[in-house]
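First comes the structure, then the notes that go with it.
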Number of protein chains: 2
Amino acid sequence: MNVLTGGKLKLVQAGLRLITETRSLTSLGLRELAREAGLNPNTFYRHFKNLDEFGLQVLGYIAADMKSGVRELRQMAESSEQASHDTVTYVYHYFLANPAATTVAVRELHGPSPLLRKALEAQLNASAREMAEDIIERQLVNAVPPETIHEISRMTIRYILFRAMDYIEKPEQREAIQRETERFINRQFRGAMLDNLSQGDIETLMKESS
Amino acid sequence: MNVLTGGKLKLVQAGLRLITETRSLTSLGLRELAREAGLNPNTFYRHFKNLDEFGLQVLGYIAADMKSGVRELRQMAESSEQASHDTVTYVYHYFLANPAATTVAVRELHGPSPLLRKALEAQLNASAREMAEDIIERQLVNAVPPETIHEISRMTIRYILFRAMDYIEKPEQREAIQRETERFINRQFRGAMLDNLSQGDIETLMKESS
DNA sequence: TCCTTGTGTATACATGTGTATACCGTCAAT
DNA sequence: ATTGACGGTATACACATGTATACACAAGGA
């Protein structure tokens, strides 16, 4: 049984709630958690060996959740422009719907715990790989070699996560952030098409097209 | 007198030392700090009102230091490729030489304290503005409108900071990270040159050049 | 000379923390 | 019907934390 019930669920939810407010996963206290969950402090031990295990488990659930979310992303899209727009829209909406999970991910990705950092990085790389393979399979940008697509995917995933906090916290900037992210992606891929051209080549190319 | 002396200096240094190890600025304790500094816990109060003020001051010193470092960046560079290479080299070396300051910046940029976050963001935006104005003044990429240069600068600054932790912690990846970052910047600017072209335009352009 | 100011120390207190031990109800299996 | 695991509780302990008050001592100006 992998699903959360009862006290364990309450504790995890309490953790996510606290994190969204002001805290970070690694700074949560056992008593604090129990208090927020409305349980006796010692109940914590019924479900987790210590706080590290708690953190890892929370991360695990978040990862599973995100993964199932991203999987739904495999949709139709005619062009790469279209794809980037759709993807960005979807991902940001996901972040907005799961602010706690997003905050955890952003905070702990550079947080003080090497354990959590490693786990999160693996998770991000997996997402990036999926994204890249999707792009390659659907031949959205076949002018760019696969390895470059993977690299850009990794960058993009991180950039989006980076902007996610602002997206969540500053509603009036959401549209701007989303468009900015789309520009980011498009410039990366378009720029990558010119990777093997020298700067001189590009300058003459630009003059020709004007 | 803006320079740090005696106990105050010791406390700030202790803070930076602790942060580089495992901690984050906002999670530092007053007693912990004093212990690391070899001082009596209450000496802390002689210099700082509370831990928030301590954090802000530390950030202030870091910001001042970084600013003076970045200012030295205004150097000669023939082309934008050359400039991006030089800049990236310099910035990463700076990070390497100031791991504590870098770690603080990365951690707190998305950390739990809104106060520190705001302060850091302002600092980053200032750096990005400087970078953009430098690029514009020296006409390194005059095919791209100023507003776009500013946008790319903001993205770049954040991306570099993002990668800084890996750069510091994984020596064997440093070269790779640096080259990756250069590609990032070049693709952004090259991609931006094509901003006002449709996807069809680009495809024909690519075919012509082959 | 005295007095103030700056810096560091010592002691003390209330509060919060992680953890250990022991107790209790529910419920399913034997 | 008894047993044992599971989830939850109560009490207690040792320790760390932020903070308040009071003391010490050096340097400098009046």
Side-chain angles (χ1 to χ4, degrees), chain A residues 1-61 104 107-108 111-116, chain B residues 1-61 104 107-108 111-116:
Chain A
M1 191 58 69
N2 210 359
V3 69
L4 291 178
T5 57
K8 194 163 187 173
L9 174 64
K10 276 188 190 166
L11 285 168
V12 169
Q13 285 176 334
L16 293 179
R17 224 175 306 133
L18 285 171
I19 286 166
T20 333
E21 313 263 327
T22 42
R23 319 300 319 281
S24 96
L25 226 194
T26 22
S27 79
L28 286 179
L30 169 162
R31 283 180 127 104
E32 189 184 10
L33 239 15
R35 208 180 310 129
E36 174 79 19
L39 294 174
N40 186 282
N42 265 317
T43 307
F44 182 89
Y45 287 114
R46 300 287 171 204
H47 306 286
F48 309 97
K49 204 171 106 262
N50 51 36
L51 284 165
D52 281 333
E53 191 182 297
F54 176 77
L56 274 183
Q57 293 231 18
V58 170
L59 215 64
Y61 291 115
V104 172
R107 294 254 162 90
E108 303 308 330
S113 159
L115 202 72
L116 293 187
Chain B
M1 190 59 69
N2 210 0
V3 67
L4 291 178
T5 58
K8 193 163 187 172
L9 174 63
K10 276 188 191 165
L11 285 168
V12 170
Q13 285 176 335
L16 292 179
R17 224 175 306 133
L18 286 171
I19 286 166
T20 333
E21 312 266 327
T22 42
R23 320 300 319 280
S24 94
L25 227 195
T26 22
S27 79
L28 287 179
L30 170 161
R31 281 179 129 106
E32 189 184 10
L33 240 14
R35 208 179 310 128
E36 174 79 18
L39 294 173
N40 186 283
N42 266 317
T43 308
F44 182 90
Y45 287 113
R46 299 288 170 202
H47 305 287
F48 310 97
K49 205 171 105 261
N50 51 37
L51 285 165
D52 281 333
E53 191 183 298
F54 176 78
L56 273 183
Q57 293 231 18
V58 170
L59 215 64
Y61 291 115
V104 172
R107 294 255 163 90
E108 303 308 330
S113 158
L115 202 71
L116 293 187

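- Taking atom CG of residue B/Leu18 and atom P of nucleotide D/dT17, one finds them 11 Å apart after rounding to whole Å.
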Worked check of side chain to side chain contact (heavy atoms under 4.5 Å, CB included) between A/His47 and A/Gln57: CA-CA 10 Å; A/His47 306 286; A/Gln57 293 231 18; over 6 Å; no
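- Here D/dT21 presents its P atom at 17 Å from CG of B/Asn40, a figure rounded to the nearest Å.
- Taking atom NZ of A/Lys8 as the reference point, atom P of D/dG7 lies 9 Å away to the nearest angstrom.
- Rounding to the nearest 0.5 angstrom, the gap separating the CD atom in B/Glu53 from the OH atom in B/Tyr45 is 11.5 Å.
- The aromatic rings of B/Phe48 and B/Phe54 sit perpendicular to each other, their planes meeting at more than 60°, with 30° as the lower class boundary.
- The distance between atom CG of A/Leu11 and atom P of D/dT9, rounded to the nearest whole Å, is 10 Å.
- Within residues 27-38 of chain B, the residues that place at least one heavy atom under 4.0 Å from DNA chain D are, in residue-number order, B/Gly29, B/Leu30, B/Arg31, B/Arg35.
- Atom pair B/Phe48:CZ and D/dG18:P shows a separation of 14 Å (rounding to whole Å applied).
- Taking CZ of B/Arg23 as the reference point, atom CD of B/Glu36 lies at 11.0 Å (rounded to 0.5 Å).
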Please list, for nucleotides 20-26 of chain C, all pairs of protein and nucleotide N/O atoms separated by less than 3.5 Å.
| unit_1 | atom_1 | unit_2 | atom_2 | d |
| --- | --- | --- | --- | --- |
| C/dA20 | N6 | A/Asn42 | ND2 | 2.2 |

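- Put simply, the side chain of A/Val104 does not reach to within 4.5 Å of the side chain of A/Leu116, judged on heavy atoms.
- Side-chain atoms of A/Asp52 never come within 3.5 Å of backbone atoms of A/Gly55 as a donor-acceptor pair (strictly under, hydrogens ignored).
- Inspection of the B/Glu108 and B/Ser113 side chains reveals no N or O donor paired with an N or O acceptor under 3.5 Å.
- The nearest whole Å value for the distance from the CZ atom in A/Phe44 to the C1' atom in C/dT19 is 12 Å.
- B/Ile19 contributes atom CD1, which lies 3.5 Å from atom CG of B/Leu25 (distance to the nearest 0.5 angstrom).
- For B/His47 and C/dG8, the shortest distance from a side-chain N or O to OP1 or OP2 is below 4.0 Å.
- Per the geometry, CZ belonging to A/Arg23 stands 14 Å off P belonging to C/dG16, to the nearest Å.
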Working for side chain to side chain contact (heavy atoms under 4.5 Å, CB included), residues B/Leu39 and B/Phe44: CA-CA 8 Å; B/Leu39 294 173; B/Phe44 182 90; over 6 Å; no
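- Neither OP1 nor OP2 of D/dG7 sits under 4.0 Å from any side-chain N or O of A/Thr43.
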